[in-house]
Chemist: 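I'd like to ask some things about the structure below.
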Amino acid sequence: MRSPAFFLVSFAVGLVVFVLARMLDNDYLFFAGYTVLQYIVLATGWNILGGYTGYVNFGSAAFFALGAYSTVVLHKAFPMPIPVLMLVGGIVSGLVGFGMGYLTLRLRGAFFSIATLALAVVLQTLIVNWDFVGGSRGAYIIRPHHLEIFDYEIGYIQYLFFTMMVLAVLSLTVARMVERSRLGYGFATIRDDEVAAEACGVPTLKLKLIATTLCGALMGMAGAPFPYYIGYLQPSSAFGLEYAVNAIAMPMIGGATSWVGPLIGAVLLGTLQQVATVTISSAVNLLIVGLLLTGFVIIAPNGILGLFHKYFRGKTDFVGRRRIDRIGP
Amino acid sequence: MGITAELFINALIAGILLGGFYAAVTVGISISFGILDIVNIAHPAFIILGSYIAYIMNVTFGIDPIVASIVVLPAFYALGAAVYELYYQSFEKHGQEALRGLAFFFGLLFITEVLLILVFGVDYRYVNSAYTDHTLHFDAFDIPLRMLIPCIVALLMVGLLLIYLARTFIGRAIMAVSQDQLALQLMGVNPVSIKRIAFGISIASASIAGALLIVIQPVEPSVGREYIGRIFAICVLGGLQSLPGMVIAAMLLGIVESITATFYGPSWAPAVSFGLLLLTLAFRPAGLLGR
Amino acid sequence: MSALLNVAGVGKQFGGFIALEGIDLTVAQGERVGLIGPNGSGKSTLVNCICGTLHNEKGTVHFNGQTVDGLAAHERTHRGIARSFQLPRPFVTMSVADNLRVPLLYTVHTRSGRHLTVEEADARCHELADLVGLGDKCNKSPKDLTQIEMRKLELARAMATDPKLLIADESMAGLSDSEVGEIVNMLIKLNESGITIIMIEHIMRAVMSFSQRLVVLDSGKKIADGKPDEVIRNPEVERAYLGQ
């Protein structure tokens, strides 16, 4: 299936979910669904860098928060519609991702990972000390109750859900497109062996920069509507540990070599956490994610997708013909 | 002497004391990351674990936290050896440490922190000992024992490790393990068991570092995260494999942080270390003393 | 014959250790050159400096009449310098055919100025696999290959970049006598099709039967360069190999 067709089909699936949720008319469903969709975007963004090229980004929370705080800044200056905010958040986080990559990607992979850990704390310190966006006290963003589109009233949370759904479909399409292109081949060679990749003519630094930029941009876009969703944005919630750990755990549990993995991981873990937060404490909830992550990386190297391949197709590895739809632009 | 100069010298002294403590916190990562090439980002979690164990022993038995941390050294060593074994069997053996190994340590970091939150909550815990409330005064300069004793213990520990690594057979084998595994095998030494010993030592150091931490400041489970950037900044700045370089880098960071906190406010202190780390990675990845 | 590769005064240091010093080396278009030297003599470092995996601090490398100093490894590959690695470095998560497709996607199209079609790339992958006798292993994982098959994949992947110069870095270590013969024949056939080849090798029988010219390195310096049978009798070369 070509990418535009894939986008339309996924969008149709998303639309069906949206309509069904509207028929149930339960705002909680939208609140919970929004979080799951947001995790699909985060996990997919993480996976383009981590799963495809093998560079681990521990700073997902930082990129997410950058998107969220871009919105806060804009909200104070001149309020804009959510899609524009997403675009701005994406550009800001994408640029920071590019900068991080440019500074550290010439070095060994571990340095990049450590630097992303550091980035989260530096940014949090900056935000805590920046009074314009509320500093450590946080910032209130008054969310409109509803939106009117052509005399048609729609609850604001439904609107947020809808935009995040479009973003999720978009990021899955991008991830799938990357995976099946020349770029995806290049990314995989970087994951396997960078020196050999260079010898084959793969411009590894350029490709890694593309991956960090894409990763940062998607995470920033996921964070942009967050202030409207949460209503009151504190540094500790924007830089929440759950984003950093889920962004890694979801692709690793779902299967990091394909766009399907983060989707599976995000839907399963995201839903599980929504249920667990209601029934048990959020700390236990995070503990489960941590244990699942550690357990999966030890026992199931290629996540749920890997298990699936092993049991249903008798393959232990993902080796086989890579799909490539089209070479070149 | 002006008030600023006095402030400055006090900040300098506090920085040096803090730097000594930072050396204790970093020495474990110098061994695991610098020498063994294992990116143990969970190290700070083990340090916080050390703080809580010192706290429990202090509160229940009234033992001095530093003494307590020395008592539990064998347990930490065993924990470290066990973690290495799991890491080796699951990742290193298959050459998969890059992506999955990192995710594994991230998971450990996370699990430890959340478990501590579940057991102890997010309240700050502190310890009592004979020296916590004493301060030495010299003219206008203050040296709190709460800072001085950890600094001395830290430097002692790093000094002992330095001698161990330079003078003993196993110590030298540890220094060689990352560079020349073949030579080790020819000498009849199994690189894996050397790495296990070294990783055990690295985690054991976290026990003492944890006790020093809780002597210096009250501790809650997420404090560890502040130390991730700090210890890696020091380790990289010091040149990865060099313990003396690491101590110099630790002192430097301690001084810069202390001066920043004095003149610009403590909320800026974390950014200093991380900023330094980013700058080091960008411009001087071989470290201060590196080529 | 014009010079394809011109290495002039190349020097490389690792900390205090001088790995290469004042290396001059000219390789003519179409030539077959053997590069030998004891372990640690700087052979692989020289290869890495030519291919751009390492960057030399001193001297210059000219290729095809232009300097390649400061170019990244992939740019040198685009210019026509290909290499195989001493220890095979296949892309382990990709099949044999996909391994061969990488240079087609990233190097060949750059040079020809247009992207290959999916079908063209496919056909070329199989052609290359057939050339080295891996035709029936296209869908296998590199992990399932034998030593010699791994070496062949390594050479085929280098060939896939459609190079002017191929540097084969110890592509025969650990192979049996008949397998060595097989690889030497393959390299000679490639040379006959117009590719200049530098062979780095420990197996003297292979080097002697392959090379038109022999270059010897010892402790980072070039100590001999000339006709193979003359070079091999050079007292300095004997000393380097046998010790003093």
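Here the structure is a predicted model, which is why all the values come from computation and not from measurement.
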Chemist: Heavy-atom cut-off 4.5 Å, strictly under: side chain, backbone, both or neither for A:Ala244 against chain B?
Modeler: both
Chemist: Could you please spell out the steps behind the side chain to side chain contact (heavy atoms under 4.5 Å, CB included) verdict for A:Thr294 and B:Phe106?
Modeler: CA-CA 8 Å; A:Thr294 322; B:Phe106 186 71; over 6 Å; no
Chemist: Which residue, A:Leu293, A:Leu287, A:Leu291, A:Val245, forms the side-chain contact (heavy atoms from CB on, under 4.5 Å) with B:Phe110?
Modeler: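 For B:Phe110, the side-chain contact (heavy atoms from CB on, under 4.5 Å) check succeeds only for A:Val245.
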Chemist: Between chain B and each of A:Val56, A:Thr104, A:Ile114, count heavy-atom pairs under 4.5 Å; write down the option with the most.
Modeler: A:Ile114
Chemist: Measure distances from B:Leu109 to the heavy atoms of chain A and classify the residue's part below 4.5 Å as side chain, backbone, both or neither.
Modeler: neither
Chemist: Around B:Tyr264, counting heavy atoms of other residues, nucleotides and ligands shown, do more than 12 lie under 6.0 Å from its OH?
Modeler: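 Counting neighbours around OH of B:Tyr264, 12 or fewer heavy atoms of other residues, nucleotides or ligands fall under 6.0 Å, so no.
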Chemist: Is it the backbone or the side chain of A:Ile248 that comes under 4.5 Å from a heavy atom of chain B, or both, or neither?
Modeler: side chain
Chemist: Which bit of B:Ile111 is near chain A, if near means a heavy-atom gap under 4.5 Å: side chain, backbone, both or neither?
Modeler: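 Backbone plus side chain of B:Ile111, per the 4.5 Å heavy-atom cut-off to chain A.
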Chemist: Tell me if the CZ atom of B:Phe120 is crowded by more than 12 foreign heavy atoms within 6.0 Å.
Modeler: yes
Chemist: Rounded to the nearest 0.5 Å, how far does CD1 of A:Ile298 lie from CD of B:Gln89?
Modeler: 11.5 Å
Chemist: Please find the pair of heavy atoms, one from B:Val39 and one from A:Ala110, that lie closest to each other, and give the distance.
Modeler: CG2-CB, 3.6 Å
Chemist: Kindly determine whether B:Val236 and A:Phe111 satisfy side chain to side chain contact (heavy atoms under 4.5 Å, CB included), including the steps that lead there.
Modeler: CA-CA 9 Å; B:Val236 174; A:Phe111 283 136; 3.6 Å; yes
Chemist: Which answer fits B:Phe33, side chain, backbone, both or neither, if we ask what part of it has an atom under 4.5 Å from a heavy atom of chain A?
Modeler: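 For B:Phe33, the contact with chain A is made by the side chain alone.
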Chemist: Under a 4.5 Å heavy-atom cut-off, does chain A meet the side chain of B:Glu113, its backbone, both or neither?
Modeler: side chain
Chemist: Which answer fits A:Phe58, side chain, backbone, both or neither, if we ask what part of it has an atom under 4.5 Å from a heavy atom of chain B?
Modeler: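 When you check distances to chain B, only side chain atoms of A:Phe58 fall under 4.5 Å.
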Chemist: Looking only at heavy atoms and a cut-off of under 4.5 Å, which of A:Leu241, A:Ile299, A:Val289, A:Leu292 has the most pairs with chain B?
Modeler: A:Leu241
